[in-house]
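Heads up, the thing below is written out as C-alpha cells.
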Amino acid sequence: MVTTLLTSCTPSGTFITMDERLAQIVTEAQRHAPQAEERQLALIRLVDEILRSRQICRPLGSQPLFGVYQEIYEQVRQQLLLDVGEQLNQYNPKQMTVRAWTNTLRNQAIRKILDDAQLKKLAIEVQRHPPYTEFRQYALGELVEAIRLSGRLCHPHRGSFSPQFYDLLYEEAVNKTLTYVCRKINNYDPERGEKKFMNWVNFRLERVFIESYHEFKEPNIRDLPSLTELEKIVQPEEPHSLFERIRECIEEEENSFRQAHIRNRPDANFRAIALARLSRRSWEEISAELRIPLPTLSSFFQRCCEKFRPKFKQYL
Amino acid sequence: MSANPSIMNPEIERWTFTIPLALSAHSRAEQFRRYQSNPDKAKQVYLNTLAVYAVNVYLQCRGFETDLEKSASWDPVMQTLMDVADLMVKDRGKLECRPVLPDAEVMYVPQEVWDDQIGYVAVQLNESLREATVLGFVDKVSRSHLSLHQLRSLAELPEHINKFSPLVKLSQWLEGVFAAGWQAVEALLSKEPELAFSLRGAPGVRRCKLIELGTPSQAVAMIVALTEESEQEIDITVDVQPVEGQTYLPPNLHLMVLDEDGEVVIDARARSDNRSIQLEFGGESEDRFGVKVALDEVSVTENFVI
C-alpha cells in the first residue's frame, strides 16, 4: 500500500505525517475524562481525521455530499463516534499502530452501516445516470467500494480447497464479479432476488467462482511469483524464439520496412532502427549516431510498429 | 463548535484503487513472459501485463469498455519491439499503464510510448505481486521519469477519458446501430419534444443524448435527427431541449456547429424564454462536423462523421 507522505502543517510550521497527526489526536482524546466536554470534542476531531482516509462517501469534485452518500456518511460518522468513544481507552500503541487501529474501527463501523438496503440504494443510484457521465462513474466507484467494504460477499465452497488456492480462486472471482456488476448494472432488477441486492451479486460470484475453478485447475497453480522470485526465473534460450523470428523477419523483408523512413532520411528507416533496438542499443545511441532528435526517432518507431502490426501478424 | 455532520471535512486523502492480482492476471503475464529469453525483457513484460490488468479492472468498474486484443501490450511481437503497456479504451484512445515498483517514487515512461496516448496511469505493485494499486495519472509526459507527486488524482481519470468523445458514426444510425449514450428520444424525454416541422412524420432516424454541463441541473438533451435526401446527401437537424423537469433551456446556452477543423459555422444562443434551439444543415457521406454546447465556461463537443 502506498504510504502517505507529508501532508499537514502544524501551527508551529513544522510538517508531520498523517499517522503522527492521528497519534497526536488519539493521545489528546485519551487525556480527558470520559464525561468531559473536551473529550467529546477530541473524539469528534479524531473521527473526522479517521474519515479522511475513507474509501466510500467521498465528495465528487468540489461538490458537497448528497443523497444516499451523505446519508451513509453521517451514519458511519455517528457509529464511529460511538465505537471510538467506547474503545478509546483500550487502545494500546504497543499492540497495534494507530493507523491499523483506526482503520479497523473505521471498517467495522462501515460494515455495520452498509446493510443490503443501503447497498441497494447505491445500486439504484447508479442506474439513475446515463453511462459515461461523471455521476454514473462516481456512483459506480462508490458501489464497488461499498460492496467490498460491506463484508456481504459470500464465500462459496470454502471448505473444498486448500486455503492458498481458495484465496486465489476467490480473489479472481471477486474481481470478475465486480466488473460484471459494473458492466451489467442496468440489468439489475430491484424486485427480484428476494429484493436483496447482494443476492444478485452473490449469485454471480458463485457462478464465476466455479468457472474460475474450471479454468485454472490445470495446471494446479499454487505459487505465484513475487517480485524477487520473478527476477530469479531463468528462461532457457530457445532456438527460433519469437525474438529471433522477428529479427529475421525485419532483416529479410523486402520493401516496407526499409521504405518507411523519417522525412528526407532514407537511412533512418524502420528496418535500421528496429534492428538497432533489437540489438539493445539505447535511444540515445541511435539518436547520436543518426543525428536525429530522440523524440522524433522514438515517435517514428512507435508509429511504424503500430502500422506494421498486421504485417507482423501475417509473417509470424 | 458546530457538530453539524453535514459540514464536510474539506480534506480527504487521495483516492487510489487497489485490487488483488490473482490467477488470470498472473497466468496471462506468465504466458507473455515465456516469449522472452532476455531476463530483463521477461520481467518487463510480466510487470507490464499485471499493470494493464489492474487498469483494465478499474476501467470496467467505471463502465468503460476496453479492447485488450487491440492493445499492443497484449501482442507478443509489439512487446518484443517496445516496452509497451497500453490499454485501448473503446472509442476513446489508449492509456499507458506503467508499473511502479514498491519503493519507487517515480513512474518510468519509455520514449517509445510517448505518443498517441490519452493518458499515463501509474500502477504500484507490491513485493508479493499479489496486489496492484492504481495511483493516479497524467495526461502528457515530456520526460521519461515522472515523480509520483506529480500525478493527478485517480478520481479525475473518468472525466478525463470522457473528454475523448467517440466519433459518432451517423451512417450506422441508418442501419440501426447506435453508440452508447445515444438513446431513443422517448427514453430521455417523456413528453413529445417540440421538433422542427420538417421532421414530423418524415422517415429518418433520431436519437437523443444527455449532455451534462457541469452539474446535473445544468444538463440538456441533444436530439440529432437524420433524413436521407439522396444516396449521398443527408439532412441533419440538431435540437437542444431542456431535460425532464425543466421547461426552459438555461439562458445564454450556446449551440454551435463546427466544421472539420473546429471552426464555427453555425451559431445560436438561447434566450431566457427558449424551450429549444434547433439547427438544420446538410452533409454528404464522409463529412465530419462537431456540435458544441456551451454554458459559460463549460462546453461539451460531440463529433460526428456521416
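Quick note on labels: first sequence line is chain A, next is B, and so on, each numbered from 1.
For B/L21, the part lying near chain A is the backbone, with the side chain staying farther off; criterion is any non-hydrogen pair under 4.5 Å. With a threshold of 4.5 angstrom between heavy atoms, B/R34 approaches chain A through its backbone and through its side chain. Interface remark: B/D40 contributes no atoms to any contact with chain A (heavy atom separation under 4.5 Å). For chain A, the nearby part of B/K70 is the backbone; its heavy atoms alone come within less than 4.5 Å. For a residue to count as touching a neighbouring chain, one of its non-hydrogen atoms must lie under 4.5 Å from one of that chain's; by this rule B/I19 touches chain A with backbone and side chain alike. With a 4.5 angstrom heavy-atom cutoff, B/A72 touches chain A via backbone and side-chain atoms both.
Chain B forms the most heavy-atom pairs under 4.5 Å with one residue out of A/L316, A/L178, A/I233, and that residue is A/I233. The candidate from A/R136, A/E145, A/K313 with the greatest count of non-hydrogen atom pairs under 4.5 Å with chain B is A/E145. The candidate with the highest count of non-hydrogen atom pairs below 4.5 Å against chain B, out of A/E229, A/E231, A/R277, is A/E231. Put simply, of A/S62, A/P131, A/P225, A/A139, the one with the most heavy-atom pairs under 4.5 Å next to chain B is A/P225. For the set A/L227, A/L140, A/V144, A/I185, the entry with the most heavy-atom pairs within less than 4.5 Å of chain B is A/L227.
One distance of note links CG of B/N56 with OG1 of A/T179; it measures 8.5 Å at 0.5 Å rounding. To the nearest 0.5 Å, atoms CD (A/E306) and CE (B/M78) are separated by 6.5 Å. For the atom pair A/C182 SG and B/L59 CG, the distance stands at 11.0 Å (nearest 0.5 Å). Taking OG1 from B/T80 and CD from A/E244, the interatomic distance works out to 11.0 Å, rounded to the nearest 0.5 Å.
Ionic pairing of B/E13 and A/R54 is not present here: no N-O contact between side-chain nitrogen and carboxylate oxygen is shorter than 4.0 angstrom. B/E65 and A/R183 are not joined by a salt bridge, as no carboxylate oxygen comes within less than 4.0 angstrom of a charged side-chain nitrogen.
A cation-pi arrangement, defined by a distance under 6.0 Å to the six-membered ring centre and an angle within 45 degrees of its axis, is absent between B/R62 and A/Y138. Under the 6.0 Å distance and 45° angle rule, A/R58 does not count as a cation-pi partner of B/F17.
A donor-acceptor pair is defined here as one N or O able to donate and one able to accept, closer than 3.5 Å; no such pair exists between the side chain of B/D115 and the backbone of A/R303.
The two residues B/A25 and A/E172 make their nearest non-hydrogen contact at N-OE1, 4.5 Å. Across A/L224 and B/H26, no two heavy atoms sit closer than the pair CD1-CD2, 3.4 Å.
Counted by atom type alone, A/Q55 and B/W15 present zero donor-acceptor pairs between their side chains at under 3.5 Å.
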